[in-house]
Structure formats: C-alpha cells, structure tokens
Amino acid sequence: MILLHLFWAFFIPNILGYGGGPPIIPLLQAEVVDHYGWMTLEQFGDVLALGNALPSPIATKLAGYIGYQVAGIPGAIVALIATIAPTAIAMVILYKFLHLFKNSPQVSAMTQIVRPIVAVLLGTLAFQFFASAYEATGIWQTAALSAVSLITLEKLKIHPGIVVAGGLLYGGVFLQ
C-alpha cells in the first residue's frame, strides 16, 4: 500500500505542476509533509537544499530520495516513475497540439498568467522555511545566516550550491 501512496504523492503534483521544477516543490511539500507526514518541514527543507545543490531536475532528485527514505529501492523506483510518467504521457499524447500552438498568443498569455502564481507559491514556501528556522534556531542565527547568504550570493557572486553546502555544514556543526 505504501508504494501506491508514494506513486500518487508524486504523480498528482507532477500532473498539476505547470512548468516543471519550481511549481512542483510546494505541491510535493504538501503531499510529503502535510498529507502523508513522511518528513517534517525541516527535513523537507534540508532535502530541497541538498537537491538544489546537485545537477539535474529537482523533481527527480526529490522523488528518488524521498521514495528511498519511505520504502527503500522499490520506493525510489516508484516515486521516479510517478514523477516522469505525467510528462512522458503528455508528450506522447499532446505532441501534435504542442507543435500546432507553440506560437499561439493564448499559450503565451497563459504562461504570463501562471508566473505570478508560481512566485507566490515559492514565496509561501520560503516563508514557511524561514518561520521553521526561526523557531528552531532563534532570530539571531536565522538573521545572521540570511545576511551571510545574501552577501555571498549577491555581492561575492559565490555559486548557490556552495552557499547551500556552507549552510548545511554550519547547521551540522553548530546546531546539533
């Protein structure tokens, strides 16, 4: 039964997640953390941070890791299939329509309308992570990590993967 739950937990967000990676993250968080309770918000945030530091699409990395944590190798396989299947099915069925309407102003307008919605979903997720960090470590460490991250990303132009790795290292050493 757990494999079926894993399949639906990753299949539904990937059907609904327009545009790939970033829009799917809040939907996956709702399934994995809120609906099934396989992880806490903090654990999901750690997996997301680590996944973002690695190459390849974020949805497949999350599916593989979470599936493995929940049900071992069969769970990872089922979660990966559930993540890839909606796109594969859509591409096979909708290929001709995609080619016919790729320059349509309606499709372009739809994409422009969806972008602010994705931004709000990601902003909500970021706020939840910030609130969770505040509760776990307090305002001073959260503010210091936020400031150091902002400076290293924007002023020093250090790669985000290195900043994430530094934050993980700090958390592993100083927040245990």
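Hydrogens, waters and symmetry mates play no part in the numbers below; they use all other heavy atoms, side chains included. Everything numeric here is computed off the predicted structure, so don't read it as measured data.
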Side chain to side chain contact (heavy atoms under 4.5 Å, CB included) involving L4 - partner list, sequence neighbours excluded | M1, W8
Nearest-0.5 Å distance that lies between atom OG1 in T152 and atom CG in L150 = 8.0 Å
State, with a plain yes or no, whether a side-chain heavy atom of I58 is found less than 4.5 Å away from one of L48.
-> yes
Within a radius of less than 6.0 Å around CG of L156, do more than 12 heavy atoms belonging to other residues, nucleotides or ligands occur?
-> yes
Do M39 and V164 belong to the same hydrophobic cluster, where Ile, Leu, Val, Met, Phe, Trp and Tyr are linked whenever their side-chain heavy atoms lie under 4.5 Å apart, directly or via other members?
-> no
Taking only residues two or more places apart in sequence, or in another chain, which ones meet E154 in a side chain to side chain donor-acceptor pair (under 3.5 Å)?
-> none
Do the side chains of L153 and I158 get nearer than 4.5 Å, heavy atoms only?
-> no
Output the distance between atom CD (Q29) and atom CD1 (I24), rounded to the nearest 0.5 Å.
-> 14.0 Å
Hphob cluster co-occupancy, V78 + I2, side-chain heavy atoms under 4.5 angstrom = yes
Between atom CD1 of I15 and atom CG of L27, what is the distance when rounded to the nearest 0.5 Å?
-> 11.5 Å
Which residues pass the side chain to side chain donor-acceptor pair (under 3.5 Å) test with T124, sequence neighbours left out?
-> none
Which residues pass the side chain to side chain contact (heavy atoms under 4.5 Å, CB included) test with L50, sequence neighbours left out?
-> L168
Among pairs that include at least one residue of residues 124-170, which meet ring pair (Phe, Tyr, Trp, His ring centres under 6.0 Å), considering only residues two or more places apart or in two chains?
-> Y170-F174
Would you please name every residue forming a ring pair (Phe, Tyr, Trp, His ring centres under 6.0 Å) with F7, sequence neighbours left out?
-> F11
Name the atoms and distances for all side-chain donor-acceptor pairs under 3.5 Å in residues 60-69, with sequence neighbours left out.
from	atom 1	to	atom 2	distance (Å)
T60	OG1	P57	O	2.9
K61	NZ	G51	O	2.4
K61	NZ	L54	O	2.5
K61	NZ	S56	O	2.9

Roughly how far, to the nearest 0.5 Å, is CD1 of I77 from CG of L3?
-> 9.5 Å
For S132, what residues pass the side chain to side chain contact (heavy atoms under 4.5 Å, CB included) criterion, not counting sequence neighbours?
-> L41, E42
Tracing side-chain links under 4.5 Å among I, L, V, M, F, W and Y, which residues wind up in one group with V120?
-> none
Which distance, rounded to the nearest 0.5 Å, do you find between the CG of N14 and the CD of E31?
-> 10.5 Å
Taking only residues two or more places apart in sequence, or in another chain, which ones meet Y36 in a ring pair (Phe, Tyr, Trp, His ring centres under 6.0 Å)?
-> H5, W38
Residue set satisfying side chain to side chain contact (heavy atoms under 4.5 Å, CB included) with I117, at least two apart, ordered chain then number -> L121
Minimum-distance pair of heavy atoms, taken over all atoms of P26 and L125 = N-CD2, 4.3 Å
With the 4.5 Å side-chain cut-off for hydrophobic clustering, are I12 and F44 part of the same group?
-> yes
